[in-house]
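No experiment lies behind these values; they were computed from the predicted model shown. Just so we're on the same page: letters track the sequence lines, and every chain starts at 1.
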Protein chains: 2
Amino acid sequence: MQDKQIVTPFSPADHQHSSCLKSVLSTAEDCCRQRGLRLTPIRRRVLELVWKNHEPVKAYDILETLQAEKKRAAPPTVYRALDFLQAEGFVHKLESMNAYVGCGAPGHHHTTQFLICHTCGVVAELDDIEIGELIGNKADSLGFKATHLTIEIKGLCSSCQAD
Amino acid sequence: MQDKQIVTPFSPADHQHSSCLKSVLSTAEDCCRQRGLRLTPIRRRVLELVWKNHEPVKAYDILETLQAEKKRAAPPTVYRALDFLQAEGFVHKLESMNAYVGCGAPGHHHTTQFLICHTCGVVAELDDIEIGELIGNKADSLGFKATHLTIEIKGLCSSCQAD
DNA sequence: TATGTTACGTTATAATATAACATTAATATG
DNA sequence: CATATTAATGTTATATTATAACGTAACATA
C-alpha cells in the first residue's frame, strides 16, 4: 500500500538496470502503439539515454552522446525528442536542475514528487496522493485552482547518510 | 491563524503597492543593519525592481532597466545582487520559471510554497507548516532527510476564475 | 501516385548564467 | 591619518540551456 506511492524507488544495491531499462522501453513502445504515436529511433534513443541511470540527465549530454554515435544531431533534435517524451509522460523535467529523468509510471496518470539526493545524485519519484490532495485543498481554500504542481525535494538519501 | 500561513497574498484590488514596496525596503535595510551587511545601492535597486509588482521578474529585465537608468551594468551585476538577496532571504527564485520574486517574510525562517497564476502572472507565497511537515514525514519514512523543498503550484487565481 | 502530415535536418540566435581577473570602495587596524 | 585588508563592483569573455525559422525527407492514406 505504502509502496504504491513510490513510482521510482532509490535503487537497491542489487538493482539490475539493464532489465529495468528494457521494461521501460517496452512499456513506451506499447503506449505509443496504443496511442498511434511513433517512437522513432531518435525518440527511443533519447529515452534510453535519459534512463542511462537513475540520475538527472542534461539535454546537452544527450546531444553529445548522439553526436558521438551517429552525427546529425543538433539541439533541436534533443529538445524535440524530450518534448515528445515529456508530453507522453515518459520523461519528467526537474525544474530546479534543468535536467531530465525517466518516469517510473509511464502511461498512468499520477501526481509527481521527486526526492533528489544531493550527494549521489539519485532521484526517486513518488506519487503520494496525500501530498497532492493537501496542496490541492490548501490552494482551494484560497480560491486558487491548482493545475500543475512542481515538487522537488533535495536532501540525503539513506545510503548517503550511512556513509 | 489561517492567515498566518500566507506570506504574500494575492493582492486585493485596493493594494497600495508603493507603501508595500516602502515597507519591504525598510525591512531589508533593518535586516542588513542587524546582520552587519551592506544593502548597497545596486542591491537595493535590484530588490526594488524584483518588487516592481507581485509577478516574477527575469534577471535580464532587471539588467535592461539598470542599463537604461545608469549604465555600467552587466549580467554579473544583476546575478550578484540576486545571489545576495536570495542568500539573505529577501528574494526567492521560481525554479520553474527562471524568474525571481520578492519574499513576503524577509528575516523570518519559514517554509515556502508558491501559487502562480498562469493567467495574470501574480504570485502568492505561503508558509504552510502542514505541507512542509507532511513532505518531511513522507521523506523521513523513506529514510530520506529533506533539506530543501521546491514547491511551485501553477493554476488560476480567484480573480482570473471570475473573468 | 498524389497529397497532406509528421518528423527531422540545418542554421542561426535567444535566453539564462558563470568564470576570471582588474579596479574601486568600504572597513579595519596600526 | 595611512595603510592593509576585505568586500563589492567593473569588465570581458564564455558557458549553458533553449527556441525560431525554414527546408527536406519519411510516412500515411486517399
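Of the residues in residues 39-48 of chain B, not one comes within less than 4.0 Å of DNA chain C through any heavy atom.
For NE2 of A:His15, the number of neighbouring non-hydrogen atoms (other residues, nucleotides, ligands) closer than 6.0 Å is greater than 12.
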**Item:** Letter per nucleotide, 5' to 3', of nucleotides 25-30 of chain D [B base touched, S only sugar-phosphate touched, - untouched; heavy atoms, 4.0 Å]
**Value:** --S---

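Within the structure, side chain to side chain donor-acceptor pair (under 3.5 Å) pairs that include any residue of residues 151-163 of chain A comprise A:Ser96-A:Glu152, A:Ser96-A:Lys154 (at least two apart or interchain). Sorted by first and then second residue, the salt bridge (Lys or Arg N to Asp or Glu O under 4.0 Å) pairs involving residues 22-35 of chain A (not counting sequence neighbours) are A:Glu29-A:Arg44, A:Asp30-A:Arg33, A:Arg35-A:Glu88.
Note: B:His54 and B:Phe10 fail the aromatic proximity criterion, with ring centroids not under 6.0 Å apart.
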**Message:** Between A:Leu156 and B:Thr147, is the side chain to side chain contact (heavy atoms under 4.5 Å, CB included) condition met? List the steps.
**Reply:** CA-CA 8 Å; A:Leu156 260 190; B:Thr147 57; 6.0 Å; no

**Request:** Carefully, step by step, assess A:Cys103 and A:Phe90 under the rule side chain to side chain contact (heavy atoms under 4.5 Å, CB included).
**Result:** CA-CA 5 Å; A:Cys103 175; A:Phe90 302 145; 5.6 Å; no

**Request:** Go through B:Ile135 and B:Leu149 one step at a time and tell me if the side chain to side chain contact (heavy atoms under 4.5 Å, CB included) criterion holds.
**Result:** CA-CA 9 Å; B:Ile135 290 179; B:Leu149 308 188; 4.1 Å; yes

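B:Cys157 and B:Cys120 make their closest contact through SG-SG, 3.8 Å (heavy atoms, listed as atom of the first residue, atom of the second, distance). Taking all atoms of both residues into account, the shortest heavy-atom contact from A:Gly102 to A:Glu125 is O-OE1, 3.9 Å.
Cluster membership for A:Phe84 and A:Val46, using ILVMFWY side-chain heavy atoms within less than 4.5 angstrom, is shared. One hydrophobic cluster, built from ILVMFWY side chains closer than 4.5 Å, holds both A:Leu39 and A:Ile62.
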Give each protein N/O atom lying under 3.5 Å from an N/O atom of nucleotides 17-21 of chain D, with the pair distance.
| unit_1 | atom_1 | unit_2 | atom_2 | d |
| --- | --- | --- | --- | --- |
| D:dT17 | OP1 | A:Lys58 | NZ | 2.5 |
| D:dA18 | OP1 | A:Lys93 | NZ | 2.6 |
| D:dA18 | OP2 | A:Tyr79 | OH | 3.0 |
| D:dA18 | OP2 | A:Tyr100 | OH | 3.2 |
| D:dA18 | N7 | A:Tyr60 | OH | 2.6 |
| D:dA18 | N6 | A:Tyr60 | OH | 3.3 |
| D:dA21 | N6 | A:Arg80 | NH2 | 3.2 |

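One atom, CG of B:Leu37, and another, P of D:dT9, lie 12 Å apart when rounded to the nearest Å.
For DNA chain C, the outermost nucleotides in 5' to 3' order that have an atom under 4.0 Å from a heavy atom of chain A are C:dA7 to C:dT11.
Classification of the A:Trp51-A:His17 ring pair by plane angle, with boundaries at 30° and 60°, yields tilted.
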